[in-house]
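Structure first, then comments.
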Number of protein chains: 2
Amino acid sequence: MEPDRQKFLAYLAGQGLKSTRQRDIIFDAFRSDGSHVSTEDLYLKIRRDHPGIGYATVHRTLKLFTECGLAEERHFGDGQVRYEWVAGKEHHDHLVCVRCGAVSEFEDEDIEALQQRIARRYGFTMTSHRHELYGVCSSCGGED
Amino acid sequence: MEPDRQKFLAYLAGQGLKSTRQRDIIFDAFRSDGSHVSTEDLYLKIRRDHPGIGYATVHRTLKLFTECGLAEERHFGDGQVRYEWVAGKEHHDHLVCVRCGAVSEFEDEDIEALQQRIARRYGFTMTSHRHELYGVCSSCGGED
DNA sequence: TTTAAATTGATATCCGTTTTCACTTTTGGA
DNA sequence: TCCAAAAGTGAAAACGGATATCAATTTAAA
């Protein structure tokens with residue numbers, strides 16, 4: 001079995017939670033497109049093939065993915081939480097196009113190191129960070 | 001007259017808006033403590049001395065401060081918008097203590113430069129960015 | 001002063017998130 | 001296999017912060 005699915009099942013078992021048909025379906029749908037989707041996005045996508053699955057279940061399952069570390073919540077400032085499948089991906093930050101909403105990912109070791117230095121300077125034990133660049137992407141005419 | 005107040009009055013005038021007693025009061029209250037306060041925070045503070053001023057007016061006035069550049073909105077992920085008085089301050093980013101909620105400010109030219117380089121690499125015309133470090137501050141036992 | 005236009009404050013509405021609850025499904029033991 | 005306990009589900013309600021509404025009030029220019 002794929003390690004990601006295994007991780008999820010292990011988390012469920014460890015918490016005394018159950019494996020269900022709905023969770024399997026949501027797992028597959030989210031893994032196949034876990035690129036910064038909102039609960040609504042995923043719900044609508046799943047509904048096409050599985051009209052019986054409710055919004056609340058999608059919501060709760062995305063929370064589960066987050067709790068077990070397969071997914072992370074993203075807040076890009078439009079008042080909607082987005083979920084990103086992060087299993088098997090390196091840490092990264094985001095570029096968000098303010099016109100079309102496209103999200104790209106970047107990583108930069110130098111910035112990470114500088115962040116740590118700053119946290120240390122302020123006596124912080126850094127647990128996480130958020131770093132987003134907003135602008136106009138090249139296809140939206142970033143050159144104009 | 002202080003230049004900040006002048007800037008506000010000039011903005012009002014330019015937009016065909018009026019100067020009112022409430023706006024003056026909110027201006028003073030916010031300027032005297034414009035450190036990452038929510039609308040609720042400021043409303044409650046103002047209400048102590050001016051019980052007649054409503055939440056909606058505080059909300060609208062904070063929006064005005066933001067529009068004219070005296071304030072900026074901050075989103076630290078707790079689902080509440082915070083406003084910060086930025087007039088006369090250098091650009092900076094934030095460290096947020098996940099235990100006590102304290103917010104410190106930092107600035108780092110090297111990180112700014114690296115950001116620009118990344119945006120350029122992706123063909124983005126960067127318009128803004130958000131950079132927050134989350135962790136445990138020294139008074140909350142960041143050393144433990 | 002007069003008057004048109006903007007403002008105010010209480011309240012209603014919006015909208016994404018989260019909870020509730022009656023019914024269903026899963027799971028492990030008999 | 002069957003049963004019972006516990007968790008899950010989905011529809012709908014509740015929630016919470018942000019925003020809009022609207023009648024009454026205030027401002028400011030003539």
Side-chain angles (χ1 to χ4, degrees), chain A residues 5 8-27 29-30 36-68 71-83 101, chain B residues 8-27 29-30 36-68 71-84 101:
Chain A
R5 180 165 256 118
F8 183 48
L9 295 179
Y11 177 77
L12 291 179
Q15 300 286 313
L17 307 178
K18 291 171 178 172
S19 163
T20 67
R21 191 180 61 83
Q22 289 89 336
R23 286 179 178 162
D24 285 346
I25 290 167
I26 296 168
F27 182 98
F30 182 49
H36 320 103
V37 293
S38 66
T39 307
E40 176 90 10
D41 291 339
L42 192 60
Y43 166 66
L44 291 176
K45 176 185 169 184
I46 290 173
R47 201 174 61 171
R48 290 201 292 262
D49 292 332
H50 306 277
I53 293 186
Y55 185 95
T57 302
V58 175
H59 166 74
R60 285 183 290 231
T61 307
L62 284 170
K63 288 283 178 191
L64 286 178
F65 295 153
T66 303
E67 288 166 25
C68 72
E72 285 181 13
E73 296 191 354
R74 305 289 181 207
H75 304 253
F76 293 144
D78 63 347
Q80 231 184 352
V81 179
R82 290 167 189 287
Y83 293 87
Chain B
F8 182 48
L9 295 179
Y11 177 76
L12 293 177
Q15 300 286 313
L17 305 177
K18 289 172 179 170
S19 163
T20 69
R21 191 180 61 85
Q22 288 89 336
R23 287 178 177 160
D24 284 347
I25 290 167
I26 297 168
F27 182 98
F30 182 50
H36 320 102
V37 293
S38 66
T39 307
E40 176 88 9
D41 291 338
L42 191 60
Y43 167 65
L44 290 176
K45 176 186 169 186
I46 289 173
R47 201 174 60 170
R48 289 200 291 264
D49 290 332
H50 305 279
I53 293 186
Y55 184 94
T57 303
V58 175
H59 166 75
R60 285 182 292 230
T61 307
L62 284 169
K63 289 283 178 190
L64 286 178
F65 295 154
T66 304
E67 287 165 26
C68 72
E72 285 182 13
E73 296 190 355
R74 306 290 182 206
H75 304 253
F76 293 144
D78 63 347
Q80 228 183 355
V81 178
R82 290 168 189 287
Y83 292 86
E84 177 180 356

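The chains referred to below are lettered A, B, ... by the order of the sequence lines, with proteins before strands, and numbering in each begins at 1.
Note: CD (B:Q80) to C1' (C:dT17) measures 15 Å, nearest angstrom. At whole-Å resolution of the value, CG in A:L42 and P in C:dT17 are 12 Å apart. Between the OH atom of A:Y55 and the C1' atom of D:dC15 there is a distance of 14 Å, given to the nearest Å. The nearest whole Å value for the distance from the CG atom in B:D78 to the P atom in C:dT17 is 15 Å. The nearest whole Å value for the distance from the CG atom in B:D41 to the C1' atom in D:dG16 is 15 Å. Atom P of nucleotide D:dA11 and atom CD1 of A:I53 are separated by 11 Å, given to the nearest angstrom. Rounded to whole angstrom, the span from the NE2 atom of A:H75 across to the C1' atom of D:dG17 amounts to 15 Å. If you measure from atom NZ of B:K63 to atom P of C:dA6, you get 21 Å, rounded to the nearest angstrom.
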Any chance you could list the contact pattern along nucleotides 21-30 of chain D? Use B for base contacts, S for sugar-phosphate-only contacts and - for none, protein heavy atoms under 4.0 Å, 5' to 3'.
B-----BS--
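Using cut-offs of 30° and 60° for the angle between ring planes, the A:F76 and A:H36 rings count as tilted.
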Go through A:Y83 and A:F65 one step at a time and tell me if the ring-ring contact (aromatic ring centres under 6.0 Å, His included) criterion holds.
CA-CA 9 Å; A:Y83 293 87; A:F65 295 153; 8.9 Å; no
Show your reasoning for whether side-chain contact (heavy atoms from CB on, under 4.5 Å) applies to B:R48 and B:L44.
CA-CA 7 Å; B:R48 289 200 291 264; B:L44 290 176; 5.8 Å; no
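Judged by distance alone, the side chain of A:R23 and the main-chain N or O of A:K18 form a donor-acceptor pair under 3.5 Å.
The nucleotide whose nearest atom lies closest to any side-chain atom of A:R23 is, among C:dT8, C:dT17, D:dT9, D:dT9.
Residue A:H59 places none of its side-chain N or O atoms closer than 4.0 Å to OP1 or OP2 of C:dT17.
The one candidate from B:T39, B:V37, B:T57, B:V81 that meets the side chain to side chain contact (heavy atoms under 4.5 Å, CB included) condition with B:L62 is B:T39.
Across all their heavy atoms, A:K45 and A:A29 have their closest contact at NZ-O, 3.2 Å.
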